[in-house]
Amino acid sequence: RSGPARPQGVRDHPEAVLKLGNALEALADDQPAESPARVSGTARARELYVRAQDAQVAALERWPDDAGLLDDLCYSAARLGGMDLRDGRLAQGASAYERRLELAQRLRDREPDNPMRRHNVNNAHSLLAKVHLEAGRPDAALTHARLAAAGAEPLAHEHPGRTQFMMEFV
């Protein structure tokens, strides 16, 4: 590993902020659609998710080779991309999912034999296929769907007991 070692606990603060955001989002989801409580709770959760992601980005700038930070950012991008899609912000969702794919590929390139790293890339392609389909870009959706399936097929055969790998392939 190059550069200074990441001190224990650097990931703890963003993780705590994410958990608070998860709680707010869960409470908001229990409210009627379009109610002020749901809208404000979801907005507040999003603010916390962005704050956590900003802290993760800052930490990654200091420790650019830290796999844990890359992994955290990968899931932050997926979380925010999903919120963007639910809110009809397709361009922002696509951008977040593109970041997720880039991060997932960096992780996979570091550990090419790690099945979860490979699965993460496949999942990122699946998410991009979904957002492109919703945005009316069927050619881009098909490209990402084919990339997801091409990556998922060997995983499903190599690990037949891993349901998540099979589901990505199907």
Side-chain angles (χ1 to χ4, degrees), residues 1-7 10-15 17-18 21-22 46 48-87 89-170:
R1 175 193 298 222
S2 65
R6 173 180 47 85
V10 166
R11 295 170 63 197
D12 294 345
H13 174 71
E15 185 176 331
V17 173
L18 287 171
N22 290 343
R46 181 178 179 71
L48 291 170
Y49 293 153
V50 168
R51 186 186 320 167
Q53 181 178 272
D54 290 347
Q56 292 165 341
V57 167
L60 191 64
E61 287 173 1
R62 185 153 183 208
W63 299 284
D65 296 324
D66 191 288
L69 291 170
L70 285 168
D71 205 40
D72 292 348
L73 267 171
C74 209
Y75 287 100
S76 286
R79 178 181 290 109
L80 288 168
M83 289 186 91
D84 287 332
L85 286 186
R86 283 191 304 275
D87 294 342
R89 295 187 302 263
L90 298 181
Q92 293 91 333
S95 178
Y97 287 161
E98 287 288 347
R99 278 192 315 278
R100 175 173 166 71
L101 176 60
E102 184 268 326
L103 292 162
Q105 289 170 329
R106 281 176 62 185
L107 285 163
R108 190 247 357 251
D109 291 349
R110 291 171 54 133
E111 300 177 66
D113 295 329
N114 182 324
M116 288 308 296
R117 299 296 191 214
R118 293 165 52 204
H119 170 70
N120 200 15
V121 171
N122 301 337
N123 181 261
H125 279 298
S126 292
L127 293 171
L128 279 164
K130 177 181 175 181
V131 73
H132 284 301
L133 190 61
E134 288 185 29
R137 295 186 295 269
D139 290 342
L142 189 56
T143 296
H144 284 288
R146 285 180 175 149
L147 288 167
E153 183 176 11
L155 277 175
H157 291 293
E158 292 166 21
H159 305 277
R162 301 289 294 268
T163 306
Q164 65 194 60
F165 297 161
M166 184 60 70
M167 293 306 296
E168 199 76 35
F169 176 60
V170 176

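Just so it is clear, the structure is predicted and the values come from calculations on it, not from any experiment.
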Check: Got a salt bridge between D84 and R46, using NZ or NE/NH1/NH2 to carboxylate O under 4.0 Å?
Finding: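 A salt bridge links D84 with R46.
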
Could you pull out the closest heavy-atom pair between [X] and [Y], with the gap in Å?
X: R79; Y: N22; answer: NE-OD1, 3.8 Å
X: R108; Y: R117; answer: CA-CB, 3.8 Å
X: V17; Y: L48; answer: CG1-O, 3.2 Å
X: L90; Y: V131; answer: O-CG2, 3.7 Å
X: L80; Y: A96; answer: C-CB, 4.5 Å
X: A52; Y: P14; answer: CB-O, 3.6 Å

Notebook entry, point to check: Does the side chain to side chain contact (heavy atoms under 4.5 Å, CB included) test come out yes or no for R99 and L73, once each step is laid out?
Noted result: CA-CA 9 Å; R99 278 192 315 278; L73 267 171; over 6 Å; no

Interatomic distance, [X] atom [atom1] to [Y] atom [atom2] [nearest 0.5 angstrom]:
X: M83; Y: L85; atom1: CE; atom2: CG; result: 11.5 Å
X: Q53; Y: Q56; atom1: CD; atom2: CD; result: 6.5 Å
X: L127; Y: E98; atom1: CG; atom2: CD; result: 11.0 Å
X: L70; Y: E102; atom1: CG; atom2: CD; result: 8.0 Å
X: C74; Y: L69; atom1: SG; atom2: CG; result: 12.5 Å
X: L60; Y: R106; atom1: CG; atom2: CZ; result: 5.5 Å

Under 3.5 Å, side-chain donor or acceptor atoms of residues 139-150 against the rest of the protein: list the pairs with distances, not counting sequence neighbours.
from: T143; atom 1: OG1; to: D139; atom 2: O; distance (Å): 3.0
from: H144; atom 1: ND1; to: H125; atom 2: ND1; distance (Å): 2.9

Next item on the list: Apply side chain to side chain contact (heavy atoms under 4.5 Å, CB included) to the pair R100 and N123, showing each step before the final yes or no.
Entry: CA-CA 9 Å; R100 175 173 166 71; N123 181 261; 2.8 Å; yes

Check: Excluding sequence neighbours, so at least two apart, what forms ring pair (Phe, Tyr, Trp, His ring centres under 6.0 Å) with H13?
Finding: none

Checklist line | From CA spacing to verdict: side chain to side chain contact (heavy atoms under 4.5 Å, CB included), N120, Y75 | finding: CA-CA 10 Å; N120 200 15; Y75 287 100; 4.0 Å; yes

Next item on the list: Check for a donor-acceptor pair, side chain of D87 on one end and backbone N or O of R89 on the other, with a separation under 3.5 Å.
Entry: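 Not a single qualifying donor-acceptor pair exists.
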
Note to self: Could you walk me through whether H159 and H119 satisfy the side chain to side chain contact (heavy atoms under 4.5 Å, CB included) test, starting with their C-alpha distance in whole Å, then the side-chain angles of each, then the deciding distance to 0.1 Å, before giving a yes or no?
What the structure shows: CA-CA 11 Å; H159 305 277; H119 170 70; over 6 Å; no

